[in-house]
J.: 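Would you mind keeping the following structure in view while I ask a few things?
Just so you know, these numbers use all the heavy atoms, side chains as well, and skip hydrogens, waters and symmetry mates. All residue numbers in this chain count up from 1 along the given sequence.
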Amino acid sequence: MRGPAKCLAGGFEAFLKEAIMGLLDGVLGGGQDGGGAISAIGELLGSQEGGVGGLVKSFEAGGLGELARSWVGKGENLPISAQQIEAVLSSGVVAQYAQKLGVDPHAAAGQIAQILPQVIDRLTPDGDVPSAGGLGGLGGLLGGLKL
(Lines give C-alpha, C1' and ligand atoms only; values in the text may rest on other atoms or scores of the structure.)
Protein backbone atom coordinates (compact mmCIF):
# COMPACT_ATOMS: atom_id res chain seq x y z
CA MET A 1 0.00 0.00 0.00
CA ARG A 2 1.41 3.42 -1.00
CA GLY A 3 0.44 7.08 -1.14
CA PRO A 4 -2.95 8.25 0.11
CA ALA A 5 -4.19 4.70 0.76
CA LYS A 6 -1.34 4.16 3.21
CA CYS A 7 -2.14 7.50 4.85
CA LEU A 8 -5.80 6.56 5.25
CA ALA A 9 -4.87 3.21 6.72
CA GLY A 10 -3.31 4.97 9.72
CA GLY A 11 0.31 4.82 8.60
CA PHE A 12 0.69 8.56 8.18
CA GLU A 13 3.99 8.78 10.06
CA ALA A 14 5.47 6.00 7.93
CA PHE A 15 4.01 7.61 4.81
CA LEU A 16 5.57 10.97 5.73
CA LYS A 17 8.95 9.36 6.39
CA GLU A 18 8.79 7.49 3.07
CA ALA A 19 7.92 10.72 1.24
CA ILE A 20 10.79 12.61 2.87
CA MET A 21 13.23 9.81 2.05
CA GLY A 22 12.09 9.81 -1.57
CA LEU A 23 12.46 13.57 -1.78
CA LEU A 24 15.92 13.53 -0.24
CA ASP A 25 16.97 10.65 -2.46
CA GLY A 26 16.09 12.81 -5.45
CA VAL A 27 17.71 15.90 -3.93
CA LEU A 28 21.03 14.20 -3.29
CA GLY A 29 21.15 12.06 -6.39
CA GLY A 30 20.22 8.82 -4.66
CA GLY A 31 22.49 5.97 -3.73
CA GLN A 32 25.66 8.02 -3.33
CA ASP A 33 26.13 6.68 0.17
CA GLY A 34 23.92 3.63 0.19
CA GLY A 35 21.06 5.73 1.54
CA GLY A 36 22.40 5.87 5.10
CA ALA A 37 23.20 9.57 5.19
CA ILE A 38 20.06 10.42 3.24
CA SER A 39 17.92 8.44 5.64
CA ALA A 40 19.60 9.94 8.68
CA ILE A 41 19.22 13.52 7.38
CA GLY A 42 15.58 12.77 6.62
CA GLU A 43 15.06 11.59 10.17
CA LEU A 44 16.84 14.69 11.47
CA LEU A 45 14.49 16.94 9.51
CA GLY A 46 11.46 14.83 10.34
CA SER A 47 12.18 14.89 14.06
CA GLN A 48 12.99 18.60 14.19
CA GLU A 49 10.17 20.54 15.79
CA GLY A 50 8.97 22.98 13.17
CA GLY A 51 10.66 21.07 10.33
CA VAL A 52 12.95 23.15 8.15
CA GLY A 53 11.79 26.38 9.78
CA GLY A 54 12.51 24.99 13.24
CA LEU A 55 15.97 23.94 12.16
CA VAL A 56 16.68 27.42 10.76
CA LYS A 57 15.49 28.93 14.06
CA SER A 58 17.90 26.65 15.94
CA PHE A 59 20.76 28.00 13.85
CA GLU A 60 19.58 31.57 14.42
CA ALA A 61 19.44 30.95 18.18
CA GLY A 62 22.98 29.56 18.01
CA GLY A 63 24.26 32.70 16.29
CA LEU A 64 24.49 31.03 12.88
CA GLY A 65 21.36 32.43 11.30
CA GLU A 66 23.29 33.99 8.44
CA LEU A 67 24.55 30.56 7.40
CA ALA A 68 21.13 28.91 7.57
CA ARG A 69 19.49 31.79 5.72
CA SER A 70 22.07 31.42 2.92
CA TRP A 71 20.93 27.81 2.42
CA VAL A 72 17.31 28.93 2.19
CA GLY A 73 18.01 31.97 0.02
CA LYS A 74 18.66 31.93 -3.69
CA GLY A 75 22.34 32.87 -3.48
CA GLU A 76 25.42 30.85 -2.70
CA ASN A 77 25.31 28.48 0.29
CA LEU A 78 27.73 29.50 3.01
CA PRO A 79 29.74 26.58 4.43
CA ILE A 80 29.38 25.31 7.98
CA SER A 81 31.94 23.39 10.02
CA ALA A 82 31.53 20.22 12.04
CA GLN A 83 32.21 22.28 15.18
CA GLN A 84 29.39 24.68 14.32
CA ILE A 85 27.02 21.75 13.73
CA GLU A 86 27.98 20.32 17.12
CA ALA A 87 27.37 23.71 18.74
CA VAL A 88 23.87 24.13 17.29
CA LEU A 89 22.48 20.61 17.25
CA SER A 90 22.23 18.74 20.51
CA SER A 91 24.89 16.14 21.21
CA GLY A 92 22.09 13.57 21.27
CA VAL A 93 21.05 14.41 17.71
CA VAL A 94 24.63 14.17 16.44
CA ALA A 95 25.23 10.94 18.40
CA GLN A 96 22.06 9.40 17.00
CA TYR A 97 23.11 10.32 13.46
CA ALA A 98 26.59 8.89 14.14
CA GLN A 99 25.15 5.63 15.43
CA LYS A 100 22.97 5.21 12.34
CA LEU A 101 26.01 5.62 10.10
CA GLY A 102 28.45 3.70 12.29
CA VAL A 103 30.86 6.63 12.66
CA ASP A 104 32.09 8.71 15.59
CA PRO A 105 30.09 11.85 16.47
CA HIS A 106 32.69 14.29 15.11
CA ALA A 107 32.72 12.49 11.75
CA ALA A 108 28.91 12.54 11.80
CA ALA A 109 28.93 16.29 12.43
CA GLY A 110 31.26 16.66 9.44
CA GLN A 111 28.86 14.71 7.24
CA ILE A 112 25.91 16.78 8.42
CA ALA A 113 27.93 19.93 7.66
CA GLN A 114 28.50 18.71 4.10
CA ILE A 115 24.96 17.49 3.39
CA LEU A 116 22.60 19.76 5.34
CA PRO A 117 23.25 23.01 3.41
CA GLN A 118 22.54 21.22 0.10
CA VAL A 119 19.39 19.59 1.44
CA ILE A 120 17.98 22.82 2.89
CA ASP A 121 18.87 24.65 -0.32
CA ARG A 122 17.05 22.14 -2.50
CA LEU A 123 14.06 21.90 -0.17
CA THR A 124 13.61 25.68 -0.37
CA PRO A 125 13.97 26.39 -4.12
CA ASP A 126 11.95 29.60 -3.97
CA GLY A 127 14.04 31.01 -1.14
CA ASP A 128 11.27 30.63 1.44
CA VAL A 129 11.07 28.40 4.50
CA PRO A 130 7.94 26.22 4.33
CA SER A 131 5.30 27.50 6.72
CA ALA A 132 4.90 25.50 9.91
CA GLY A 133 1.76 23.48 10.20
CA GLY A 134 0.36 20.25 11.49
CA LEU A 135 3.23 18.40 9.83
CA GLY A 136 5.94 20.27 11.70
CA GLY A 137 6.73 22.49 8.73
CA LEU A 138 7.25 19.58 6.33
CA GLY A 139 3.75 19.74 4.86
CA GLY A 140 4.82 22.24 2.24
CA LEU A 141 7.50 19.86 1.05
CA LEU A 142 5.00 17.10 0.40
CA GLY A 143 2.94 19.31 -1.90
CA GLY A 144 5.60 19.03 -4.59
CA LEU A 145 5.84 15.26 -4.46
CA LYS A 146 4.22 13.07 -7.07
CA LEU A 147 2.75 10.20 -5.10
Side-chain angles (χ1 to χ4, degrees), residues 3 6-7 11-147:
K6 186 173 186 175
C7 179
F12 185 75
E13 186 174 316
F15 167 73
L16 177 61
K17 192 176 204 177
E18 181 180 319
I20 292 169
M21 294 307 110
L23 178 63
L24 292 176
D25 187 44
V27 164
L28 296 176
Q32 293 174 343
D33 63 356
I38 293 169
S39 176
I41 287 287
E43 288 182 24
L44 172 69
L45 288 173
S47 67
Q48 177 67 40
E49 186 175 330
V52 173
L55 192 61
V56 170
K57 285 180 183 177
S58 294
F59 281 91
E60 288 172 343
L64 300 173
E66 180 182 359
L67 295 179
R69 286 188 299 274
S70 79
W71 309 335
V72 172
K74 293 186 176 188
E76 185 177 335
N77 293 335
L78 296 175
I80 188 165
S81 70
Q83 293 80 12
Q84 290 169 313
I85 290 288
E86 291 172 328
V88 172
L89 300 179
S90 73
S91 60
V93 168
V94 175
Q96 193 173 27
Y97 184 91
Q99 183 178 18
K100 288 186 182 308
L101 297 181
V103 298
D104 69 80
H106 187 71
Q111 288 187 12
I112 294 169
Q114 291 298 310
I115 296 170
L116 191 60
Q118 296 174 57
V119 170
I120 299 299
D121 181 58
R122 302 251 178 117
L123 293 176
T124 57
D126 296 324
D128 297 315
V129 174
S131 61
L135 300 177
L138 293 171
L141 301 178
L142 294 177
L145 293 176
K146 295 179 183 179
L147 304 172

J.: Hey, is the main chain of Asp128 close enough, under 3.5 Å, to the side chain of Asp126 for a donor-acceptor pair?
T.: no
J.: Which atom pair, heavy atoms only, marks the closest approach of Asn77 to Pro117?
T.: ND2-O, 3.7 Å
J.: So how far is it from Phe59 CZ to Arg69 CZ, rounded to the nearest 0.5 Å?
T.: 12.5 Å
J.: Hey, does Ile120 have a side-chain heavy atom less than 4.5 Å from the side chain of Val129?
T.: no
J.: At their closest point, which heavy atom of Ala82 faces which heavy atom of Ala113, and how far apart are they?
T.: N-CB, 4.0 Å
J.: Just how far is it from atom CG of Asp121 to atom CD of Glu76, taken to the nearest 0.5 Å?
T.: 10.5 Å
J.: Can Leu116 and Leu55 be said to form a side-chain contact (heavy atoms from CB on, under 4.5 Å), step by step?
T.: CA-CA 10 Å; Leu116 191 60; Leu55 192 61; 3.8 Å; yes
J.: Find the distance between CD (Gln114) and CD1 (Ile85) and round it off to the nearest 0.5 Å.
T.: 10.0 Å
J.: Give, for atom CD of Glu86 and atom CD1 of Ile112, the distance between the pair rounded to the nearest 0.5 Å.
T.: 9.0 Å
J.: Say you draw a straight line from CG of Leu89 to CD of Gln96; how long is it, rounded to the nearest 0.5 Å?
T.: 11.5 Å
